[in-house]
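A short worksheet on the structure shown next.
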Amino acid sequence: MKEILAEYLSCPIRHVITRFGDKWSLLVLYSLWRNNSDPMRFSELHKLMVDCSQKMLSQTLKRLEKNHLIARKQYPEIPPRVEYSLTPLGQSLMPSVCSLIQWGLEHFTEVTDGKVLVSDR
């Protein structure tokens with residue numbers, strides 16, 4: 001078995017990117033930011049991400065909340081109402097995410113050869 005260097009395991013970028021580097025997390029963060037930081041409900045987010053299953057969206061929201069990038073507020077109503085919003089930490093991440101999105105728009109054709117992949121969930 002290969003020996004893993006301690007420097008690799010303690011690499012800050014490795015630990016930070018794994019918290020939000022998947023496609024669903026970035027889409028959730030961008031959706032919340034694009035909504036002018038107004039809270040959004042689960043169903044609103046799911047409508048924007050139709051190719052993401054409800055289960056995957058739920059897991060993504062829980063992970064982002066655990067990593068302090070989004071806040072979840074539950075209201076004591078029947079039926080229960082839950083809203084999600086960016087935390088100050090999540091807000092501070094958005095300039096970098098927006099730069100990545102801009103880069104993607106500028107280089108879309110080069111990276112994808114003009115082909116759009118359709119997710120199968």
Spacing of [atom1] belonging to [X] relative to [atom2] belonging to [Y], to within rounding of 0.5 Å:
{"X": "L69", "Y": "L86", "atom1": "CG", "atom2": "CG", "result": "8.5 Å"}
{"X": "H46", "Y": "S53", "atom1": "NE2", "atom2": "OG", "result": "6.5 Å"}
{"X": "M40", "Y": "L61", "atom1": "CE", "atom2": "CG", "result": "10.5 Å"}
{"X": "R34", "Y": "L48", "atom1": "CZ", "atom2": "CG", "result": "8.0 Å"}

Is there a donor-acceptor contact under 3.5 Å from the side chain of [X] to the main chain of [Y]?
{"X": "S92", "Y": "L89", "value": "yes"}
{"X": "S31", "Y": "L45", "value": "no"}
{"X": "S85", "Y": "D38", "value": "no"}

What's the verdict on side chain to side chain contact (heavy atoms under 4.5 Å, CB included) for T60 and L27, showing C-alpha distance, side-chain angles and the deciding distance?
CA-CA 10 Å; T60 300; L27 289 171; over 6 Å; no
Which heavy atom of [X] sits nearest a heavy atom of [Y], and at what distance?
{"X": "C52", "Y": "W24", "answer": "CB-CZ3, 3.4 Å"}
{"X": "L64", "Y": "V28", "answer": "CD1-CG1, 3.6 Å"}
{"X": "E110", "Y": "E106", "answer": "OE2-O, 3.9 Å"}
{"X": "P80", "Y": "Q74", "answer": "CB-NE2, 4.1 Å"}
{"X": "E44", "Y": "R41", "answer": "OE1-N, 2.6 Å"}
{"X": "S25", "Y": "R63", "answer": "OG-NH2, 3.4 Å"}

With sequence neighbours excluded, residues passing ring pair (Phe, Tyr, Trp, His ring centres under 6.0 Å) with Y30:
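Once residues adjacent in sequence are excluded, the partners of Y30 under the ring pair (Phe, Tyr, Trp, His ring centres under 6.0 Å) criterion are W33.
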Partner set under side chain to side chain donor-acceptor pair (under 3.5 Å) for N67, not counting sequence neighbours:
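So N67 forms a side chain to side chain donor-acceptor pair (under 3.5 Å) with R19.
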From CA spacing to verdict: side-chain hydrogen bond (donor to acceptor under 3.5 Å, both in side chains), E83, Y75
CA-CA 8 Å; E83 294 179 337; Y75 295 88; 3.0 Å; yes
I'd like to check K66 versus K62 (side-chain heavy atoms, cut-off strictly below 4.5 Å). Are they in contact?
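They are not in side-chain contact.
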On the 0 to 90° scale, with breaks at 30° and 60°, tag the W103-H107 ring pair as parallel, tilted or perpendicular.
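Answer is tilted, since the angle falls between 30° and 60°.
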Going only through I, L, V, M, F, W and Y residues with side-chain contacts under 4.5 Å, is there a path from V111 to L100?
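Looking at the clustering, L100 is in a separate group from V111.
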Using the rule given for side chain to side chain contact (heavy atoms under 4.5 Å, CB included), can you reason through V82 versus F42, listing the C-alpha separation, both sets of side-chain angles and the distance that settles it, and then say yes or no?
CA-CA 7 Å; V82 178; F42 183 94; over 6 Å; no
